[in-house]
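One structure below.
Since the model is a prediction, treat every value here as computed from it, not as a measurement.
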Amino acid sequence: MSDLALAERVVELLGGHEPIAVGEPNATRWRSALAASGARVARDAEPVPSAMVCFLGEPGDTVRRVERLDGLRARLEPGGRLVVLDHNQPRRRPGRVGATLWLWRQGLGPARARYPTAREVAAHGFVVETLHLEAGERVQIVVARLR
């Protein structure tokens, strides 16, 4: 799935709650993709009704992930929405093999696709609303709301 297609999906899931704050890593890349999809992207440190962060291609470094989630939580308005993009392990064997090969090409092991993203988001002050699987189940999209 392309960055633009994922950005369009993020905008759809946020339901027009803009501007959208973008968390690291790759914030510049995702700001561009969101802008290309027609969304209004928030300026740095601006309080926002919604935010997104993408951990695709990143190692499962818990400390850095928590810092990023906490940084976005601090910017969100009460009841604000967060979308998190991350790896997922497909349920079916052919998809799982393809996802594992893709992870190895990124320098990541297959365990990276089993990172408990939704639980992590819930543990950091959010209520997980939905979980969507995209790109043949290789990408999970967690949609959550600030408590």
Side-chain angles (χ1 to χ4, degrees), residues 1-91 95-96 99-100 102-103 105-147:
M1 228 174 156
S2 70
D3 287 357
L4 180 58
L6 282 171
E8 288 171 345
R9 185 71 170 125
V10 166
V11 171
E12 175 188 338
L13 292 169
L14 287 172
H17 292 88
E18 297 178 21
I20 301 169
V22 180
E24 295 292 340
N26 303 315
T28 302
R29 170 181 153 198
W30 290 104
R31 281 185 185 113
S32 296
L34 285 167
S37 75
R40 190 163 78 88
V41 180
R43 293 169 288 173
D44 291 339
E46 175 184 6
V48 291
S50 60
M52 69 89 56
V53 62
C54 178
F55 294 124
L56 294 171
E58 294 290 314
D61 182 346
T62 303
V63 172
R64 290 181 53 102
R65 289 170 65 102
V66 167
E67 289 172 355
R68 292 168 180 155
L69 289 172
D70 288 347
L72 288 172
R73 186 184 66 220
R75 291 185 61 191
L76 280 172
E77 297 168 352
R81 299 183 80 195
L82 173 69
V83 174
V84 180
L85 306 175
D86 205 352
H87 296 284
N88 185 62
Q89 178 175 287
R91 292 172 283 189
R96 192 175 308 148
T100 298
W102 189 87
L103 285 168
R105 284 194 303 266
Q106 302 296 311
L108 304 169
R112 178 62 184 84
R114 295 186 296 273
Y115 196 92
T117 305
R119 277 183 273 177
E120 178 183 58
V121 169
H124 286 89
F126 294 91
V127 175
V128 174
E129 294 181 333
T130 58
L131 173 65
H132 303 268
L133 301 176
E134 304 286 340
E137 296 186 350
R138 289 180 325 205
V139 176
Q140 63 176 303
I141 302 176
V142 178
V143 181
R145 184 174 303 281
L146 185 61
R147 287 185 214 175

Go through the steps to decide whether Met52 and Arg31 satisfy the test side chain to side chain contact (heavy atoms under 4.5 Å, CB included), and finish with yes or no.
-> CA-CA 10 Å; Met52 69 89 56; Arg31 281 185 185 113; over 6 Å; no
Margin query: Assess the residue pair Arg73 and Leu146 against the criterion (side chain to side chain contact (heavy atoms under 4.5 Å, CB included)); give the C-alpha distance rounded to whole Å, side-chain angles, the decisive distance to 0.1 Å, and a yes or no.
Written below: CA-CA 7 Å; Arg73 186 184 66 220; Leu146 185 61; 3.2 Å; yes
- [ ] Report the C-alpha separation of Val84 and Phe126 in whole Å, then their side-chain angles, then the decisive distance to 0.1 Å, and conclude whether the side chain to side chain contact (heavy atoms under 4.5 Å, CB included) test is met.
- [x] CA-CA 12 Å; Val84 180; Phe126 294 91; over 6 Å; no
(request) Would you please test Ser37 and Leu4 for side chain to side chain contact (heavy atoms under 4.5 Å, CB included) and show each step? (result) CA-CA 6 Å; Ser37 75; Leu4 180 58; 4.0 Å; yes
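To the nearest 0.5 angstrom, Leu56 atom CG is 7.0 Å from Leu6 atom CG. One distance of note links OG of Ser50 with CG of Leu72; it measures 10.5 Å at 0.5 Å rounding. Atoms CG and CD1, on Leu82 and Ile20 in that order, are 11.0 Å from each other to the nearest 0.5 Å.
Val83 is listed as a side-chain neighbour of Ile141, based on a closest heavy-atom distance under 4.5 Å. Taking 4.5 Å as the limit, every side-chain heavy atom of Val22 sits out of range of all side-chain heavy atoms of Val53. Annotation: side chain of Val142 is not in contact with side chain of Leu85 (no heavy-atom distance under 4.5 Å). You'll find the side chain of Val41 stays beyond 4.5 Å of the side chain of Trp30, heavy atoms only. The closest side-chain heavy-atom distance from Val139 to Met1 is not below 4.5 Å. Looking only at side-chain heavy atoms (C-beta outward), His132 and Gln140 stay at 4.5 Å or farther from each other.
Taking a cutoff of 4.0 Å between a charged side-chain nitrogen and a carboxylate oxygen, Arg65 and Asp86 qualify as a salt bridge. A salt bridge is absent between Glu46 and Arg75; no separation between the charged side-chain nitrogens and carboxylate oxygens falls under 4.0 Å.
For Arg64 (side chain) and Pro25 (main-chain N/O), no donor-acceptor pair under 3.5 Å exists by modelled atom type. When atom types are taken as modelled, the side chain of Arg145 and the backbone of Arg81 share no donor-acceptor pair closer than 3.5 angstrom. His124 places no side-chain N or O within 3.5 Å of a backbone atom of Val121 that could act as its donor or acceptor partner. Here the side chain of Asn88 pairs no donor or acceptor atom with the backbone of Arg138 at under 3.5 angstrom.
Residues that satisfy the salt bridge (Lys or Arg N to Asp or Glu O under 4.0 Å) test with Arg40, not counting sequence neighbours, are absent from this structure. With sequence neighbours excluded, the residues satisfying salt bridge (Lys or Arg N to Asp or Glu O under 4.0 Å) with Arg29 are Asp3.
Annotation for Ala51 and Leu76: closest pair N-CD2, 3.9 Å, computed over non-hydrogen atoms. Annotation for Pro19 and Pro49: closest pair O-CD, 3.5 Å, computed over non-hydrogen atoms.
By the neighbour-count criterion of 12 heavy atoms within 6.0 Å, atom CZ of Arg119 is sparsely surrounded, having that number or fewer from other residues, nucleotides or ligands.
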